[in-house]
Amino acid sequence: MAIASDETTSICNHCDRAIPSSNIDLHYAHCSRNLQKCKVCGDMVPKKHVEEHFLNTHAPVACSLCSETMEREILAIHKGENCPQRIVTCEFCEFPLPAIDLAEHQEVCGNRTELCHLCNRYIRLRERYNHESRCTGIPENIVGSSRDVRAAERDQGAQRRQPSEFSRRLLFTIAITGIAVILGSLFFQKKTETSQVH
């Protein structure tokens, strides 16, 4: 039933709605007898359901995951987006764990490596997506772990520290002199022993 546009309206003092002026008295009697404004949200609620409305909508409830107390109407959002104990999955291994533990887990999990089958290099999981977009697909000759890389770096460092020609000759001279001294002392010792026997 449409209200004629030229009909005037009045505001109900109980529910604050615009009501056709011809029906305002009847509406007000029904409205004030049967409806009550919720003190929390301002909605008009049937008087017989006011307590139920409060309990179902506004009464504080505890989150079953973290025990934080909040209004019932935000509980679903809390559990889905804000609760530190909500279950989330690691982006690297898809392991389910509480949100509060996610950052620490992903710090370790993201440092694991996997072999890139295009370039034969081991790539950290946290760098995998960037690597895939930049990977040239040119394989490297050596496929090895990070331990192999560190050993190769040590070998290169040893080559850089090789002694000069003068140092090598000096070491050779010291070694030969040491050997001569040892042989001389052994020879002298044997000569002394044989002369004592005669």
Side-chain angles (χ1 to χ4, degrees), residues 59-198:
V61 292
C63 173
S64 61
L65 302 173
C66 69
S67 302
E68 183 180 335
T69 303
M70 65 204 69
E71 287 187 13
R72 183 178 303 274
E73 62 187 7
I74 64 168
L75 180 63
I77 294 169
H78 168 78
K79 280 186 170 182
E81 299 174 12
N82 304 329
C83 181
Q85 295 298 325
R86 73 187 184 283
I87 300 301
V88 294
T89 56
C90 171
E91 68 179 283
F92 305 118
C93 69
E94 298 180 6
F95 182 76
L97 66 160
I100 196 167
D101 299 330
L102 182 65
E104 184 179 343
H105 170 83
Q106 286 189 159
E107 180 66 32
V108 174
C109 194
N111 282 326
R112 292 184 305 123
T113 59
E114 282 186 356
L115 179 65
C116 172
H117 296 290
L118 297 174
C119 67
N120 287 337
R121 289 181 57 212
Y122 282 93
I123 307 301
R124 285 184 182 166
L125 293 180
R126 75 174 67 249
E127 298 165 356
R128 178 177 52 203
Y129 298 112
N130 288 335
H131 174 76
E132 287 173 358
S133 65
R134 294 185 332 250
C135 183
T136 60
I138 299 172
E140 291 186 1
N141 294 335
I142 301 172
V143 175
S145 70
S146 57
R147 287 187 207 114
D148 296 337
V149 171
R150 279 189 241 118
E153 288 172 352
R154 276 196 307 270
D155 292 344
Q156 287 176 352
Q159 289 173 357
R160 277 187 240 121
R161 285 184 259 117
Q162 286 185 358
S164 66
E165 185 64 31
F166 174 75
S167 298
R168 279 193 224 137
R169 285 188 179 175
L170 181 63
L171 288 173
F172 181 73
T173 304
I174 292 171
I176 293 296
T177 306
I179 293 170
V181 168
I182 292 171
L183 289 175
S185 64
L186 288 173
F187 180 72
F188 181 74
Q189 191 177 22
K190 281 197 174 211
K191 190 174 185 182
T192 311
E193 287 175 7
T194 56
S195 59
Q196 287 176 354
V197 174
H198 292 289

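On a predicted model such as this, the values are computed, not experimentally measured, just so you know. Numbers here simply count residues along the sequence, with the first being 1.
- Of all heavy-atom pairs between Cys109 and Phe92, the closest is SG-CB, 3.7 Å.
- Contact record, Arg128 with Glu91: NH2-O, 4.5 Å, taken as the closest heavy-atom pair.
- Here the CG-CD distance, from Leu125 to Gln106, works out to 10.5 Å after rounding to the nearest 0.5 Å.
- When all heavy atoms are compared, the tightest approach of Tyr122 to Thr113 is CD2-OG1, 3.9 Å.
- The two residues Thr69 and Pro60 come nearest to each other via the heavy atoms CG2-CB, 3.6 Å.
- With sequence neighbours excluded, no residue forms a salt bridge (Lys or Arg N to Asp or Glu O under 4.0 Å) with Glu132.
- Judged as a side chain to side chain donor-acceptor pair (under 3.5 Å), and not counting sequence neighbours, the contacts of Asn111 are Arg126.
- For the salt bridge (Lys or Arg N to Asp or Glu O under 4.0 Å) test, no residue two or more places apart in sequence or in another chain qualifies with Arg112.
- Residues meeting the side-chain contact (heavy atoms from CB on, under 4.5 Å) test with Pro96, sequence neighbours left out: Ile87, Thr89.
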Let me see the working for Cys63 and Gln85 under side chain to side chain contact (heavy atoms under 4.5 Å, CB included), right down to the final yes or no.
CA-CA 10 Å; Cys63 173; Gln85 295 298 325; over 6 Å; no
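- Taking both residues in full, the closest heavy atoms of Cys135 and Leu118 are given as SG-CB, 3.8 Å, listed atom of the first, atom of the second, then distance.
- Arg86 is linked by a salt bridge (Lys or Arg N to Asp or Glu O under 4.0 Å) to nothing, counting only residues two or more places apart in sequence or in another chain.
- Across all non-hydrogen atoms, the minimal contact from Ile123 to Cys116 is CG1-CB, 4.0 Å.
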Quick one: side chains of residues 71-83, donor-acceptor pairs under 3.5 Å with protein atoms, not counting sequence neighbours, listed by atom name and distance.
| residue | atom | partner | partner atom | Å |
| --- | --- | --- | --- | --- |
| Arg72 | NE | Leu55 | O | 2.9 |
| Lys79 | NZ | Ser64 | OG | 2.9 |

